[in-house]
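What you see below is based on every heavy atom in this structure, not just the backbone, and it leaves out hydrogens, waters and symmetry mates.
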Amino acid sequence: MTSSPPDKLAFTLPSGRRRVTPARFGPESRRDRLLPQLIRNCVLDDEGQQCLQVRLGTAEAANPAARALLDTEAGTALHLHRVLDDTEYAALFPRIIGYEPDAAEPFLLYAAPRGAPAARTHVMAATDQQRLTRDLMLALCLLADQGLVPRGVSPATVLWDGARVQLWGLEATTRTGRPRVPWGRPPYCSPEQRRGEELTDPRDAVWSAAQVLYRLVTGRPGPADRAPADLGEHRALDRTLRQAFAPRAADRPTPAQLLELLAPGAARRVGLTLPADEERPHREAFEEALRLKRQAPVARTEDGTGAAAGPGNGEVLCPYCLEAIQLDLGKLFVTDSRMQYKPLDLAGINNPVRRNDIMRGAVQKCTADPDFPEHFIPVPYLTYGRQGSAESETRKPCSMPLRK
């Protein structure tokens with residue numbers, strides 16, 4: 001850490017409160033040479049707290065793709081903090097301390113990483129392999145339960161301290177069911193993810209985890225499109241993960257199925273301990289409505305151009321009354337401590353990350369059909385899958401090109 005006078009650092013805590021503290025920074029490096037984020041260690045001098053800062057330089061911050069990556073990482077870290085805080089599972093992921101999206105050089109602050117990247121280990125002992133496999137599948141199961149798929153699982157993002165895993169690479173997280181885009185490096189990205197085919201599936205990450213474990217068992221990477229030829233020589237790996245190397249996601253086991261094989265009852269405990277991904281049925285309904293819309297006939301406009309039939313710009317189908325509906329900031333509600341709806345007032349919430357985080361848990365009253373019984377639509381359903389105004393949308397995860 002540098003001995004120069006400390007800088008003043010202002011940021012927002014996960015609770016929404018502001019904190020200003022002197023901070024000392026260490027030398028800077030790039031977390032991944034092909035990604036824009038920079039990292040450096042820092043100490044918050046008011047408490048002596050050791051942290052890791054992930055930030056964008058001024059030039060990178062002006063790039064929408066780079067900002068989208070940081071926004072994805074911040075949104076995922078905050079969501080995991082909200083869901084996992086005070087549970088035994090929180091240690092499996094980076095712990096966010098604060099964030100500042102509005103600075104000229106936006107940043108995130110994490111508690112100091114726990115452990116070292118698996119990439120630094122040549123061959124891992126058998127007992128460590130078992131614990132690491134269990135923890136890695138537990139992390140994937142937790143994410144899948146929240147409708148999230150980590151596309152960046154690799155030896156660089158799987159940290160191990162001799163007792164537990166910590167999974168980084170949150171900037172590469174996406175939602176289950178979104179169209180795949182090429183991301184990552186072989187052999188750790190699944191074949192269909194590398195080609196950008198079909199829709200994202202939690203079993204994409206199962207392929208990545210299996211490749212990481214093969215690398216830790218053998219000391220070398222596996223083939224990019226099939227099971228390793230020598231898999232049968234490694235009995236524990238062969239017994240638990242042979243199907244994880246299937247070239248197609250549909251032929252691989254889910255994270256929960258593998259976790260149940262490794263630690264019977266663990267997947268069920270996850271489901272009982274954590275709230276389910278309540279947005280999933282609404283996203284699935286939206287995807288079905290979008291599929292039907294894409295299949296609708298094309299109407300011709302007066303100038304001869306084609307326009308797809310269906311709801312207008314910004315509109316989606318309400319999954320209940322089946323009328324067109326769009327986001328209306330004047331009709332938003334959140335639940336109070338008694339699980340009763342109360343109006344959401346966004347006035348005064350100017351921080352875009354905190355605003356988006358609040359809106360992810362909000363609902364909108366649908367009034368499209370006054371004769372239909374009262375019903376409410378989650379805001380993510382209204383904004384999912386399309387770009388909108390800055391006050392109503394979270395940024396989509398970046399579609400980065402495939403890295404060779």
Side-chain angles (χ1 to χ4, degrees), residues 80 84 88-89 91-93 118 124-155 157-160 163-169 172-174 176-177 184 187-193 199-218 221-228 230-274 276-277 280:
L80 292 175
L84 301 179
E88 61 181 296
Y89 307 123
L92 292 169
F93 302 97
M124 180 173 281
T127 53
D128 285 349
Q129 292 170 21
Q130 295 172 5
R131 295 198 299 269
L132 186 143
T133 304
R134 179 206 61 207
D135 268 13
L136 189 50
M137 291 306 162
L138 177 57
L140 299 188
C141 187
L142 288 161
L143 291 169
D145 197 60
Q146 297 299 310
L148 299 171
V149 178
R151 298 178 298 169
V153 178
S154 75
T157 59
V158 175
L159 274 59
W160 175 250
R164 296 214 73 178
V165 158
Q166 192 173 61
L167 182 61
W168 287 68
T173 303
T174 190
T176 302
Y188 304 107
C189 59
S190 68
E192 58 270 82
Q193 181 176 301
L199 303 179
T200 306
D201 188 296
R203 291 169 290 188
D204 298 349
V206 167
W207 168 281
S208 304
Q211 290 286 355
V212 169
L213 292 162
Y214 179 80
R215 156 73 174 73
L216 288 171
V217 169
T218 66
D225 57 359
R226 62 189 184 279
D230 64 343
L231 192 59
E233 299 175 16
H234 309 282
R235 288 189 298 173
L237 203 61
D238 186 38
R239 185 175 65 250
T240 57
L241 294 176
R242 173 164 289 277
Q243 288 304 115
F245 291 99
R248 296 176 61 251
D251 298 327
R252 298 177 207 134
T254 65
Q257 287 170 335
L258 282 174
L259 179 60
E260 195 63 22
L261 181 63
L262 295 161
R268 184 171 179 273
R269 285 195 298 273
V270 168
L272 294 174
T273 303
L274 302 183
D277 176 22
R280 181 179 300 169

What is the minimum heavy-atom distance between [X] and [Y], and which atoms define it?
| X | Y | value |
| --- | --- | --- |
| A249 | D204 | CB-OD1, 4.0 Å |
| V153 | Y188 | O-CB, 3.7 Å |
| S208 | C189 | OG-CA, 4.3 Å |
| A227 | L231 | CB-CD2, 4.5 Å |
| P247 | P191 | O-CG, 3.8 Å |
| Q193 | R151 | NE2-O, 3.4 Å |

I'd like to know if the side chain of W168 and the backbone of G152 have a donor-acceptor N/O pair within less than 3.5 Å.
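Between the backbone of G152 and the side chain of W168 there is no qualifying donor-acceptor contact (under 3.5 Å).
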
*Determine yes or no for a side-chain-to-main-chain donor-acceptor pair under 3.5 angstrom, with Q211 supplying the side chain and P223 the backbone.*
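Confirmed, Q211 side chain pairs with P223 backbone.
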
Which distance, rounded to the nearest 0.5 Å, do you find between the [atom1] of [X] and the [atom2] of [Y]?
| X | Y | atom1 | atom2 | result |
| --- | --- | --- | --- | --- |
| L92 | L84 | CG | CG | 8.0 Å |
| L237 | R235 | CG | CZ | 12.5 Å |
| D201 | T176 | CG | OG1 | 7.0 Å |
| T200 | E192 | OG1 | CD | 9.5 Å |
| L167 | S154 | CG | OG | 9.0 Å |
| L148 | T173 | CG | OG1 | 6.5 Å |

Is any side-chain heavy atom of Y214 closer than 4.5 Å to a side-chain heavy atom of D230?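 Yes - at least one pair of side-chain heavy atoms lies under 4.5 Å apart.
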
- Query: Do P228 and H234 come within less than 4.5 Å of each other through their side chains, counting heavy atoms only?
  - Reply: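 Side chain of P228 against side chain of H234, heavy atoms only: no contact under 4.5 Å found.
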
List, one per line, each side-chain donor-acceptor pair under 3.5 Å for residues 134-144, sequence neighbours excluded.
| residue | atom | partner | partner atom | Å |
| --- | --- | --- | --- | --- |
| D135 | OD2 | R164 | NE | 3.2 |
| D135 | OD2 | V165 | N | 3.0 |

- Item | Partners passing side chain to side chain contact (heavy atoms under 4.5 Å, CB included) against P253 (at least two apart in sequence or in another chain) |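 Applying side chain to side chain contact (heavy atoms under 4.5 Å, CB included) to P253 gives Q243, Q257, L258.
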
Scan for salt bridge (charged side-chain N to carboxylate O under 4.0 Å, His left out) pairs involving residues 254-264, sequence neighbours excluded, and state none if there are none.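 Every pair satisfying salt bridge (charged side-chain N to carboxylate O under 4.0 Å, His left out) with a residue in residues 254-264: there are none.
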
